[in-house]
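On a predicted model such as this, the values are computed, not experimentally measured, just so you know.
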Amino acid sequence: MADAPHLYAAVALNVPLDKLFHYRVPETLREAVTVGARVRVPFGRREMTGTCVKFSDDPGVHSARVRDIIGVLDKRAFLDERMRDLTEWMARYYCCSWGKTLDAVLPSVIKTGAVARTIQWVSAARPADELLARAAQVEKRSPRQARTLRALAAAPGEIAAGKLAAIAGTDASVLSKLREAGFLTLRKEAAAHDPILEFPVERAEPPTPTPEQQAALDRIQAAFASGRFHVALLHGVTGSGKTEVYLRALRLCVESGRQGIVLVPEIALTPQTVARFRARFDRVRVLHGDMTDSRRRAEWTAIHEGLADVVVGTRSAVFAPVPRLGLLVVDEEHDPSFKQPKAPRFHGRDVGIWRARQENALVILGSATPSLESLHNARSGKYELLTLPRRVEGRPLPPVEILDLKSDLSKRGLPPLLSRRLRLAMETALGKGEQVILFLNRRGFNTYISCPRCGFVLRCERCDVSLIFHSDARIARCHYCAYKTVAPENCPVCALPNIRRGSGTQRVEEIVKSLFPGAAVARMDTDSMQARGSHEKVLEEFRAGKTRILLGTQMVVKGLDFPNVTLVGVINADTSIHMPDFRASERTFQFLAQVAGRTGRGPKGGRVIVQTFEPDQPCIRDAAKHDFDAFARRELEERKRYGYPPFTRLARLIFRGRDVGKTQRRCTEAVATLRARVQATSVKVVGPAEAPIRRINNLFRWHALIKAPDPESLREALRGVDRRRAEGVELTVDVDPVSLL
Ligand code: ADP
Ligand code: ZN
């Protein structure tokens, strides 16, 4: 800080209070304390770590009691002014203290720490043609150098030294010789095995845009030229070439000297996805939730230093410290995984839009099934609507057949997992050498252990949910807490033997294997995908045709492109319709639209068979007709009638405590206070009520919903809510909730 020394610092602390705390900066720390630095401060009788967010020369009203900062933790602060403003806004909007927001946004990154292993990265120091000319020159004298130069010329950008040496059949000594000769540069970086960056990249000529793609790109280019904040909603059916639009828009952005961020849903962040961006851009960096600290630190540092043109990542990548943000792409913008499930409960898309506004950047929200919130914003003119109504190369969307499971009951009155029609269709497709994908709608699928005679259900001891059976390990596990137990063989109540059954996908797998003994089956669900890289392996084998039937949950839905898949079967379409959530129909429609997107991608075409108990559900009917507009029209009417988003803004209050009585009382009192406060306004409070999942990890849950006509009145209402823990009951505020369970 060049200007006059600051006497006082405002510090954000991770405590549930909406205020900053003022401390004196002692003489000895005047140089070291900067805005964005983490500092140790006294707090009551404790010491805490907080972040200095601004300075003042005035201690405010508490001058008599103001205390000294104890020490500074960071030599170099990652928090710049933009990030400071962004986190300040987030804290206010999502009702979370600024300190907690900062802690969540910059967690491991700013922790200083030794980096365990390092990896060497090689990049070419001369253009490819010079490398090739040199290779020809040294061919006789040093074939190893020649091979290395050729491999480097073919590399898409930076390449790991080990990988380059492997391709060229050489070792590190050759690399250092070439460096001395000025043909390449070496850079050390923290190592961590990352399949995402090791996946081979193919560079192909980009396709010529279709007229629809071109029209969208023209609009995007115009928005770029204006240099102003702008949001475009790219509504394109599956296979319409949205990614190609992103890639070309990113090219415009990078050519103008700015950087792009691409947010993708959690399960879509695969090596294949990232490879599509790496095939077009040399400097791609990746950020996602479960990276090691050192890996994240390396990526973050590189991005911070301007070494990335494009950052691809999950929701937290919205904070990527690119020096000049030009374009933010949110792919599958409707996906619930953009919402952070714990405080600060931010939505990556919405934070991104706020950030883009501050930095005059362009935003492209892409989806085949846009969220009704984004659709509403596009129709009201807040966003620009761009559409890609057709698949590329005139490929049709597959015909979808709805099969009523009620008409296919067995003699004992039980529904089959695979209906006759689906079985026959599988036989036909497999007989022609084609491939099949079967989907289970995981939510609510019957994978728990229950007794058909007495109705006993094995439940978690700590949560109000049934345990999920995992037949691989013969255990039953709770998906909300870590509880697990050995699954009983016989019913513990009435002693009926053999009540254990496989999980949904496992049961279907057994049936499929017995019906089609000749066809190799692969299963893909969270259970079978625990090991790193297993996801890629299963997909590679399926792509290569080694496996003929792929079976899985939502996990396999996203972004896959297999031309030989001519049949997609949905085992159970309706289990998500009955979720106690106003978005249940929307989720079902999205699921079916994505499913249908997985077939008919090649010249052989394809078909979809959807098994359901509720063939007349409007959302299933619309999905079968690929009629998003009809779905949206009806759904929007419903939302308007019942006062749900996009016509209102919601916040959910969740009270949790060990004592059910106290939890209920605190929720009831809070609701009464709130209701009195908003009486004269158009804000409504719904509740109090027991949450649909009434207990998680031994904490009972009560909740209430606040509905407001706009974000300002919602914030005003929330201002009066006391978020402090009292009587062992905690309150969580969830603004714009994506789940009401
Ligand atoms: P979406 O993201 O909308 O589902 P993709 O971007 O994945 O669609 O495109 C589907 C397929 O079409 C991809 O294999 C892609 O390479 C190809 N594709 C995209 N645009 C074109 C084009 N203009 N001409 C030919 N093929 C294209
Ligand atoms: Zn549990």
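For Thr238 and Arg391, the side-chain atoms include at least one donor-acceptor pair closer than 3.5 Å. Side-chain atoms of Thr87 and Thr101 form no donor-acceptor pair, as typed in the model, at a separation below 3.5 Å.
Interatomic distance, CG of Asp335 versus CG of Leu263, reported as 11.0 Å (0.5 Å rounding). Leu233 contributes atom CG, which lies 7.0 Å from atom CG of Leu375 (distance to the nearest 0.5 angstrom). For the atom pair CD (Glu638) and CZ (Phe582), the distance works out to 12.5 Å, reported to the nearest 0.5 Å. For the atom pair Leu102 CG and Met90 CE, the distance stands at 9.0 Å (nearest 0.5 Å). For the atom pair Tyr383 OH and Asn377 CG, the distance stands at 4.0 Å (nearest 0.5 Å). Once rounded to the nearest 0.5 Å, the distance linking CG of Asp710 with CD of Glu716 reads 11.0 Å.
The side-chain heavy atoms of Val274 and Leu269, taken from C-beta on, include a pair separated by under 4.5 Å. In this structure, the side chains of Ile364 and Val330 stay at 4.5 Å or more apart for every pair of heavy atoms. Under the 4.5 Å side-chain criterion, counting only non-hydrogen atoms from C-beta, His347 is not in contact with Asp736. Contact annotation: the side chain of Pro207 approaches that of Glu244 to within less than 4.5 Å [non-hydrogen atoms, C-beta and beyond]. A heavy-atom distance below 4.5 Å is found between the side chains of Leu388 and Leu234. Using a 4.5 Å cut-off on side-chain heavy atoms (C-beta onward), Gln259 and Leu325 make no contact. Leu362 has its side chain out of reach of Cys253: every pair of non-hydrogen atoms, C-beta onward, lies at least 4.5 Å apart. Arg345 places none of its side-chain heavy atoms less than 4.5 Å from the side chain of Cys95.
For Gln214, the CD atom counts as densely surrounded, since its 6.0 Å shell holds more than 12 non-hydrogen atoms of other residues, nucleotides or ligands. Atom NZ of Lys707 has more than 12 heavy atoms from other residues, nucleotides or ligands within 6.0 Å. For Arg634, the CZ atom is densely surrounded, since the number of other residues' heavy atoms within 6.0 Å is greater than 12. The 12-atom threshold is exceeded at CZ of Arg251, counting heavy atoms of other residues, nucleotides or ligands nearer than 6.0 Å. The number of heavy atoms from other shown groups lying within 6.0 Å of CZ (Arg126) is above 12. By the 6.0 Å contact criterion, CZ on Arg82 is enclosed, its count of non-hydrogen atoms from other residues, nucleotides or ligands being greater than 12.
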### Task
Under the side-chain contact (heavy atoms from CB on, under 4.5 Å) rule, what do Leu714 and Val735 come out as? Steps first, then yes or no, please.
CA-CA 9 Å; Leu714 184 65; Val735 176; 4.2 Å; yes

### Working for salt bridge (Lys or Arg N to Asp or Glu O under 4.0 Å), residues Arg258 and Asp309
CA-CA 7 Å; Arg258 302 171 83 177; Asp309 290 326; over 6 Å; no

### Query
Should Glu384 and His230 be marked as a side chain to side chain donor-acceptor pair (under 3.5 Å) after you check the CA-CA gap, both sets of side-chain angles, and the distance that decides it?
CA-CA 8 Å; Glu384 180 177 20; His230 184 76; 2.8 Å; yes

### Criterion salt bridge (Lys or Arg N to Asp or Glu O under 4.0 Å) on Glu373 and Arg583, from CA distance to verdict
CA-CA 11 Å; Glu373 286 85 347; Arg583 289 197 184 86; 2.8 Å; yes

### Task
Show your reasoning for whether side-chain contact (heavy atoms from CB on, under 4.5 Å) applies to Val733 and Arg652.
CA-CA 6 Å; Val733 179; Arg652 183 183 180 213; over 6 Å; no

### Task
Take Arg633 and Phe628, measure what side-chain contact (heavy atoms from CB on, under 4.5 Å) needs, and give me the verdict at the end.
CA-CA 9 Å; Arg633 200 176 316 120; Phe628 177 80; over 6 Å; no

### Message
Please determine whether side-chain contact (heavy atoms from CB on, under 4.5 Å) holds for the pair Gln221 and Leu252, giving the CA-CA distance in whole Å, both sets of side-chain angles, and the decisive distance to 0.1 Å.
### Response
CA-CA 7 Å; Gln221 184 151 26; Leu252 291 173; 3.7 Å; yes

### Message
Working note: His376 + Phe647, criterion ring pair (Phe, Tyr, Trp, His ring centres under 6.0 Å); need CA distance, chi angles, decisive distance, verdict.
### Response
CA-CA 9 Å; His376 187 67; Phe647 301 102; 5.0 Å; yes

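In terms of heavy-atom proximity, Leu152 sits nearest to Leu184 at CD2-CB, 3.8 Å. Residues Leu217 and Arg248 come closest through the heavy atom pair CD1-CD, 3.5 Å. Of all the heavy atoms in Leu247 and Phe281, the pair that sits closest is O-CZ, 3.6 Å. Nearest heavy-atom pair across Glu332 and Phe338 is O-CE1, 3.2 Å. The two atoms that bring Ile261 and Ala317 nearest to each other are CG2-O, 3.6 Å, heavy atoms only. Smallest separation of non-hydrogen atoms from Lys100 and Ala343: CE-CB, 3.6 Å.
In this structure, Gln213 contributes its side chain and Gly241 its backbone to a donor-acceptor pair below 3.5 Å. A donor-acceptor contact shorter than 3.5 Å links the side chain of Arg355 to the backbone of Val318. With hydrogens and angles disregarded, no donor-acceptor distance shorter than 3.5 Å links the side chain of Ser585 to the backbone of Cys619. Put simply, the side chain of Glu299 gets close to the backbone of Val286: a donor and an acceptor are under 3.5 Å apart. No donor-acceptor pair under 3.5 Å is formed between the side chain of Thr387 and the backbone N or O of Pro389. A donor-acceptor pair is defined here as one N or O able to donate and one able to accept, closer than 3.5 Å; no such pair exists between the side chain of His288 and the backbone of Val312. The main-chain N or O of Arg228 is found under 3.5 Å from a side-chain atom of Ser226 such that the two form a donor-acceptor pair. At least one donor-acceptor pair under 3.5 Å links the side chain of Ser337 to the backbone N or O of Glu266. Side-chain atoms of Arg639 never come within 3.5 Å of backbone atoms of Tyr644 as a donor-acceptor pair (strictly under, hydrogens ignored). A distance-only check finds a donor-acceptor pair linking the side chain of Lys242 to the backbone of Val237 [under 3.5 Å].
Partner Ser374 forms a side chain to side chain donor-acceptor pair (under 3.5 Å) with one of Lys382, His235, Glu333, Arg379 and no other, that one being Glu333. Here the options are Tyr93, Trp354, Phe319, the test is ring pair (Phe, Tyr, Trp, His ring centres under 6.0 Å), and the partner is Phe346; only Phe319 passes.
A perpendicular orientation is assigned to the rings of Phe591 and Phe439, their planes being inclined by more than 60° (bins at 30° and 60°). Between Tyr94 and Trp89, the two ring planes are perpendicular [angle over 60°; tilted spans 30° to 60°].
The pair Arg543-Glu540 meets the salt-bridge criterion, since a charged nitrogen lies less than 4.0 angstrom from a carboxylate oxygen.
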